[in-house]
Amino acid sequence: MKPMELARAEPGPAFTVTLDGRQLDALPGQTVAAALWAAGVTSWRSTRGEGRPRGIFCGIGVCFDCLITVNDRPNQRACLIPLRPGDAIRTQEGTGHEH
Amino acid sequence: MSTDPTRSHAPGPPHLAIIGAGPAGLAAALAAAGEGVRVTVVDAARAPGGQFYRQPAAGLGARRPGALHHQWRTWRRLRDGLRRQIDAGHVTHLPDHHVWCVERRPEGGGIDGGPARLTVHALLGPGQETPAEVRADAVLLATGGYEKVLPFPGWTLPGVVSAGGAQAMLKGGLVVSGRTAVVAGTGPLLLPVATGLAAAGVTVAALVESTGPRALARRAGALAGRADKLAEGAGYAVELLRRRVRTLVRHTVVEAHGADRLEAVTVAALDAEGRVRPGSERRIPCDTLAVGHGMLPHTDLAETLGCRVESPGQRVWVDGEQRTDVPGVWAAGETTGIGGAALSLAEGHIAGRSAAARLRGWVPDPGTWAGAAESRAELRRFFEALDTVYVPPAHWTEQVRDDTVVCRCEEVTAGAVREAVGELGAGDVRTVKLLTRAGMGWCQGRMCGPAVAGIAGCEQAVARRPFAQPVPLGVLARTGEVRTGEVRTGEVRTGESEQDDDDR
Ligand SMILES: Cc1cc2nc3c(=O)[nH]c(=O)nc-3n(C[C@H](O)[C@H](O)[C@H](O)COP(=O)(O)OP(=O)(O)OC[C@H]3O[C@@H](n4cnc5c(N)ncnc54)[C@H](O)[C@@H]3O)c2cc1C
Ligand code: FES
C-alpha cells in the first residue's frame, strides 16, 4: 500500500466490517469504496438491465455508479460513506430492493 | 429568543452563506469575514479543501498529506486563516452538509435592508436523510465542477475510472485500484493524475493525450502570459520523464478490454483530422484506466435559483464583482467556468469582498481587489486558450460502437441514441432523452449529457434539474412546514431538533 507510505499515514487501529458476510479490515476514516479498493475489490454492484459489474467511476458522488447496500440501506454511494466498526456491507443487485 | 420574521433587520452583522469549501469558497470566506461579515461555509465534504486540496480522512493519520499535492503552502495559509476566523466566531464551517436547493423569496427583503430571504436546504451526514437549513442575507455559490468523460467501448468496466476520481481516491482515501495504470483523454488534469499515481507506486504504463504539441504551439502567444502555469506544466513533464512514464500525444483510447474487470486498453494514433489512424492500434495491459476529457461546472444550484447559465461549457454568468444576475447571489470558482485552483482563489477573493461590501450597504471599490482582478483576467485568458487546444478528438463518436453504453445509469447504448435520431426523427437532446431514457437515471445526465449530445449531433441543452441531490420524499414533504417557523438570520436548523433554536 504505497500511498499510505507516501503520506506517512499512521492510521488508528483497523476494525472489522463484513462484505456479504465475509470479514474485511477497514481503517478509521476510510470510505466504503476505499476499504474495498484496499482489499482488492473493484466491483460491488450489478446493473439493473444487463447485470453488468460496476464500482467506482467518478469518485466524488456525482455518477452513482458505486451504489451499495450498507446496514440494509440500499443505494448508498460507496465513495462518500465512511465505515464504522461492525458495518455490514452487501453487494447490490439491480435496484437493491430485490432481496 | 424568537425573532419577529417581519422585522426589517436581524440583529448582528449581515450573514453570507457560502456553498463549497474549495479554493473559491475558502478564499471568499476569508475575504468576507475580514470585512466584518458573518460567514457560514456549507460543504458536502467532511473536511475543507474542495477537489484541489482534498485531504486524507483524519482517521488515517497522514503525517505528510502534502506529499500528494502541489501548492501546499497556499493550502496551509487558507487552512490557518479559516481556523482563526472560526475561533474568532466570524466563520462557521458546516461539513457533511449536502445542499440540494437554495430558495429565494424575492418579495421585500434581501441585501438592501430586509430580513434574510435566502434559505439553503441541505441534507446532513453520509446517509443524507436529515434535513438542515441555513438562512442568510446573501449566498455565494462555489460548488466547483466535475469531470467529463466521453464513452468508448468498455468504459463501464470496473477499473475504468475518471482521472479526477482516481485522484480523489488517492488524495482522500490513500488508495489506488490496481498496480498498472493508463492515464488517458485530454486536458491539464491528466498531468497531476499521472504523476500522482506514479508517486504512489503505481506503474503508469502510458499517458495518452489526444492533443498534440503543435496545437499548443499555435496558441503559444496566448499561453505565454502565465509563465507560472507553463512552468507548472513543465514541472509535470520533468516528473513524467523522471518516472519513465511513456507519453503518447495525438493518441486516444479506442477500447477497454476485460470480462468483469479491466485487463487492457487499446490505444491508437490520431491523424491531422482527429481520426484514428488505421493500423496504429496497440494494446497495453493494465488494471486501471484513469480517463477524462475536461471538466464541467456544477450549475444545478444556480439553475434552481434562476441564474443565467451561458456557453461555453454552460457556466454560471457573473459580472466583474462575481455577482450572478440574481440579486443576492454571487458565484466564484469553477462553477463560473473551468480554470483551476489559482483562478478559483482570485474569483473567490473578489466575490467575498464584493458580497461583504454590498451586504454592509456600500458600493465596493474594485481598486481594493486589483491584484486579484489582474490575476483573474490573465488566468481566464490562459484557460480560454487552453480550452481551444484541449478538445476531444474531432471524430470521437466514430469510436463509439452501436453496442457501447452511453448512459451508464440507464444502460442506454449509442445504437439506441442513433436510432432515436435517425429512425424516430429526434431533433434535440430532450426528445432523445424521452425516447431512450438516456439521462433519466440516478445521475440525471451529468455523466452522459455531453456524450448523448455528441452522438445525436445536437446542441447540449441546459439541464434544469429540479434538485442538486436526490432528496428523500419525507424531507420534501416537511420543507414547507419548517419554512413557516421563525426566521432568524444566520440560523442553522435541522429537522431532527426543531426546538433546538438557541444561539449557536
Ligand atoms: C475529482 C476531481 C479532482 C481534481 N483534482 C485536481 C488536482 O489534483 N489538481 C488540479 O490542479 N486540479 C484538480 N481538479 C480541478 C479542481 O476542480 C480545481 O482546480 C479547483 O479545485 C476548483 O476550485 P473550486 O473552489 O472552484 O471548486 P472545488 O475545489 O471543486 O470545491 C467545490 C466544493 O463544493 C462542494 N459542493 C459542490 N456541490 C455541493 C452541494 N450541492 N452541496 C454542498 N457542497 C457542495 C464540494 O464538496 C467541494 O468541496 C480536480 C477536479 C475534480 C472534479
Ligand atoms: S463513484 Fe461516482 S458516485 Fe461514487
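Chain A is the first sequence line, chain B the second, and so forth, proteins listed ahead of strands; every chain is numbered from 1. Computation of the quantities below employed the complete heavy-atom set of this structure, encompassing side-chain atoms and omitting hydrogens, waters and symmetry-equivalent molecules.
Taking a cutoff of 4.0 Å between a charged side-chain nitrogen and a carboxylate oxygen, Arg54(A) and Asp65(A) qualify as a salt bridge.
Heavy atoms of Ala58(B) lying under 4.5 Å from chain A are absent altogether. With a 4.5 Å cut-off on non-hydrogen atoms, Glu411(B) touches chain A through its side chain but not through its backbone. For chain B, the nearby part of Leu67(A) is the side chain; its heavy atoms alone come within less than 4.5 Å. Neither the backbone nor the side chain of Ala35(A) comes within contact range of chain B, judged by heavy atoms closer than 4.5 Å. Residue Ala259(B) touches chain A through its backbone alone, counting heavy-atom pairs closer than 4.5 Å. Proximity to chain A (any heavy atom under 4.5 Å) is shown, for Arg408(B), by both the backbone and the side chain. Within the 4.5 angstrom heavy-atom criterion, only side-chain atoms of Leu170(B), from C-beta onward, approach chain A. For chain B, the nearby parts of Glu10(A) are the backbone and the side chain; heavy atoms of each come within less than 4.5 Å. Proximity to chain A is limited to the side chain of Val149(B), based on heavy atoms less than 4.5 angstrom apart.
Among Gly173(B), Ala57(B), Gly201(B), Ser162(B), the residue making the largest number of heavy-atom pairs under 4.5 Å with chain A is Ser162(B). Annotation: maximal heavy-atom pairing with chain A below 4.5 Å, among Met447(B), Arg54(B), Gln128(B), occurs at Met447(B). Ranked by heavy-atom pairs shorter than 4.5 Å toward chain B, the options Pro11(A), Ala7(A), Ala34(A) are led by Ala7(A). Put simply, of Ser43(A), Gly55(A), Gly40(A), the one with the most heavy-atom pairs under 4.5 Å next to chain B is Ser43(A). Chain A forms the most heavy-atom pairs under 4.5 Å with one residue out of Arg63(B), Gln167(B), Glu147(B), and that residue is Arg63(B). Of all the listed residues (Gly49(A), Cys79(A), Gly61(A), Gly59(A)), the one sharing the greatest number of non-hydrogen pairs under 4.5 Å with chain B is Gly49(A). Across Asn75(A), Thr31(A), Val70(A), the residue that shares the most heavy-atom pairs under 4.5 angstrom with chain B is Asn75(A). In terms of heavy-atom pairs under 4.5 Å with chain A, the best-connected choice from Glu410(B), His98(B), His298(B), Glu129(B) is Glu129(B).
No side-chain N or O of Thr413(B) forms a donor-acceptor pair with one of Asp403(B) less than 3.5 Å apart. Judged purely by distance below 3.5 Å, without hydrogens or angles, the side chains of Thr69(A) and Gln92(A) pair a donor atom with an acceptor atom.
Within a 6.0 Å radius of CZ in Arg84(A), no more than 12 heavy atoms belonging to other residues, nucleotides or ligands are found. Within 6.0 Å of CZ on Arg22(A) lie no more than 12 heavy atoms contributed by other residues, nucleotides or ligands. Within 6.0 Å of CZ on Arg243(B) lie more than 12 heavy atoms contributed by other residues, nucleotides or ligands.
Note: Phe64(A) and Trp442(B) have parallel aromatic rings, judged against thresholds of 30 and 60 degrees for the angle between ring planes.
A distance-only check finds no donor-acceptor pair linking the side chain of Asp43(B) to the backbone of Pro95(B) [under 3.5 Å].
Here Ile56(A) contributes atom CD1 and Trp44(A) contributes atom CH2; the two are 4.5 Å apart, rounded to the nearest 0.5 Å.
The distance between the ring centers of His70(B) and Tyr53(B) does not fall below 6.0 angstrom.
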Evaluate side-chain contact (heavy atoms from CB on, under 4.5 Å) for Leu289(B) paired with Leu262(B), printing each intermediate quantity in order. CA-CA 8 Å; Leu289(B) 171 63; Leu262(B) 180 71; 3.7 Å; yes

